[in-house]
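Data block below; observations after.
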Amino acid sequence: MGEGPEQAAEVGEQLALVRAAGRRSAAPRARPRTWRDAERAERLPVARVLVDKGLVHLDRLFDYAVPAAMDAEARPGVRVRVRFGAGQREGRREGGRLINGFIVERREETDFPGVLAPLAQVLSTEPVLTPALLRLCRSVADRYAGALADVVALAVPPRMARAERRPSPEPQDPPAPPDPGGWARYPHGPGFLDALSRGEAPRAVWTALPGPGWADELARALATSLAAGRGALAVLPDGRAAARVDAALTALTGGGAHVLLTADAGREERYRRWLAVSRGAVRCVVGTRAAMFAPVHGLGLAAIWDDGDAAHRDEHAPQPHAREVLVLRAAQERAAVLLGGHGVTVEAAQLVETGWAGPLAAARETVRETAPVIRTVVEDDQRRDEAARYARLPTVAWQALRDGLAHGPVLVQVPRRGYAPRLACDRCRTPARCADCHGPLAAEGALELLGCGWCGRRAPEWHCDACGSPRLRAVVIGARRTAEELGRAFPAVPVRTSGRDHVLDTVPDAPALVVSTPGAEPVPAGPGYAAALLLDGWALLGRPDLRAGEEALRRWLNAAALVRPQPQGGTVVVLAEPTLRPVQSLVRWDPAGHARRELADRASLGFPPVSRMAAVSGPPDAVAGLLGAARLPPDAEVLGPVRLPVPDPGRPRRTGDPPAGEQWDRALVRVPPGQGAALAAALKTARAARLARRESAGARVLIDPSDIG
DNA sequence: TCACCTGCCCGC
DNA sequence: CGGGCAGGTGAA
């Protein structure tokens, strides 16, 4: 009798059992003939296992028998290997592939009517999937119509055996409570910290004053929660921002009280830090979006900075957003929430509007003292202005540059490539929207083929809602070369660039032209940039995206926040139509007001986040099939489907993009407030049923799509 | 009567 | 996903 693969696996499992029991030599007693004959644990002989496979229709737990030898190690939360999948040999079930999973619970009984297969191996004794983390993952999976196993894969980092062997540092005593520092600049700032130190759970939307103070203020909030004997967590959009809060917190506490969880650290180091948090040795985490799941013990404060930044949405299924995850966590763990940024998202404004969070903003007078002066210049001035035609710049912009360069570095914000143009009124530039569903209009080739990007309805007789003009224009893009020419216009001044591939961290406090794409602006040493020139107005506002205005304002504010305050001569020039709402909000430095007005508009037009949306995309038959099968909530409204445009070949393929050469449709499903959970559940159920029956290559479901035109 | 195929459904 | 198994089908 030859030793087939199944016999080899069986022997392997027995060896694993022997190893798990801590014996190095052969088993002393008669070896059980198969696993089925091995002794079971006496107490709680059933392990409920979350199988580590993202198949949506398998989004449930499976029971396995716990062999006696694994009894001590097979605790809830540990990683295990189990046999999974069909397999019958000679009438006995013993096949199936070995896959990884987590023990979720030990039980006395099982509901499964058949014979339980045994656990094959306990991979690690580290209880990584704690009850609190499991509960969070389950809520996130429900919220996003995703599979629990997919969310757990985001929340629990891959195992690094060496990191597990090393002990975590001894827990430190809580630091002394910090003084309010910059929070004294906000009328309700000290009160927020007081509530934190009393162990309460205040929730605030924080409109941070311009300038560099925010990182220190965020660190003080974290340290206050630590001082109150609770944990704290801050999620930042990128490693640079996280490093600034890390430095501020280290200066405040001496370090050791927190860990930095970013992609910069290697996988093993990252897991080592994560373990220190999971074990309760460290109770404060500063990190990028994956840190949103960090299993901080006794979480007292969950903070997020600049929640409008697209980096806060995870790109892996089911693509949860850090703000939403932290909001869920805060409710489950009774933690305080701090949603901070120079801008305010519509989602944050909604949390204030519903009373879930309170506003935390400085007085008007304080804002005026700390913000630079903002000037607007319209595009058309460029052609008229003779003096500055060399650099194709309006006089105002030219003067601001020249004056700024006499006093320090000047920031020039230029757009990134790759924004798809959208259509707007030729006269007043109000974005063109569908009369029926308010989706964005797009032209397929000629303008006669005008149609809605959401519902597909044609709009041959379009007239501007705002001014009545029948003429459209494609919003044009491109100011990059202007920045390049600036260097030639100021030959005596060094030009430094910062962008996607090469991000400059800081620049010295000396005259220089600093050309940067949004989000890559170097932090100036000293009092800040003397001036900033924001050249990407039309590119940002012209993006075919519901959030274009909000996003333009967010990027402008982030750049302008690096400029010296008005009393020190700081000036910002923005090339954009001064009557547009985001431009006016920038001039007045009123991001909260902008978000409130956007929220009111979205409510009246039935846009998210007031209504909840889901995008269903995939091959046309899959999209139609899923929508037909889903038992959607009664008030659900299906927009589309429409054919998705073929993505730019240059752009890296993202989740939700059709594969090369394939035609995909996308439909949007919209439900009124309060039906978001029902919508997610309906789509998840329908998708699971169809995947199980393999009726088609599955359609993708994305909750809260952000690029919906 | 048997070998093979296709579709369906399940996995502990 | 991957494999069993039921029920159908066709050739000897």
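Quick note on labels: first sequence line is chain A, next is B, and so on, each numbered from 1.
Heavy-atom contacts from other residues, nucleotides or ligands closer than 6.0 Å to CZ of A:R643 number more than 12.
A distance-only check finds a donor-acceptor pair linking the side chain of A:H312 to the backbone of A:W305 [under 3.5 Å].
Counting any heavy atom pair closer than 4.0 Å across all strands shown, A:Y64 reaches sugar-phosphate atoms only and no base atom.
Put simply, the side chain of A:L702 reaches to within 4.5 Å of the side chain of A:Q319, judged on heavy atoms.
Separating the CG atom of A:D59 from the P atom of B:dC10 is a distance of 17 Å, rounded to the nearest angstrom. In this structure, the CG atom of A:L98 is 16 Å from the P atom of C:dG2, given to the nearest Å. For the pair A:R97 CZ and C:dG4 P, the computed distance is 13 Å after rounding to whole Å. Straight-line distance from the CG atom of A:D63 to the C1' atom of B:dC10: 16 Å, rounded to whole Å. For A:R83 and C:dG3, the CZ to P distance is 13 Å, given to the nearest whole Å. One can place CZ of A:R60 at 14 Å from P of B:dC9, the figure rounded to the nearest angstrom. One atom, CD of A:E109, and another, C1' of B:dC12, lie 15 Å apart when rounded to the nearest Å. When rounded to the nearest whole Å, the span between CZ of A:F62 and C1' of C:dC1 equals 13 Å.
Using cut-offs of 30° and 60° on the angle between ring planes, the pair A:F84 and A:F62 is perpendicular.
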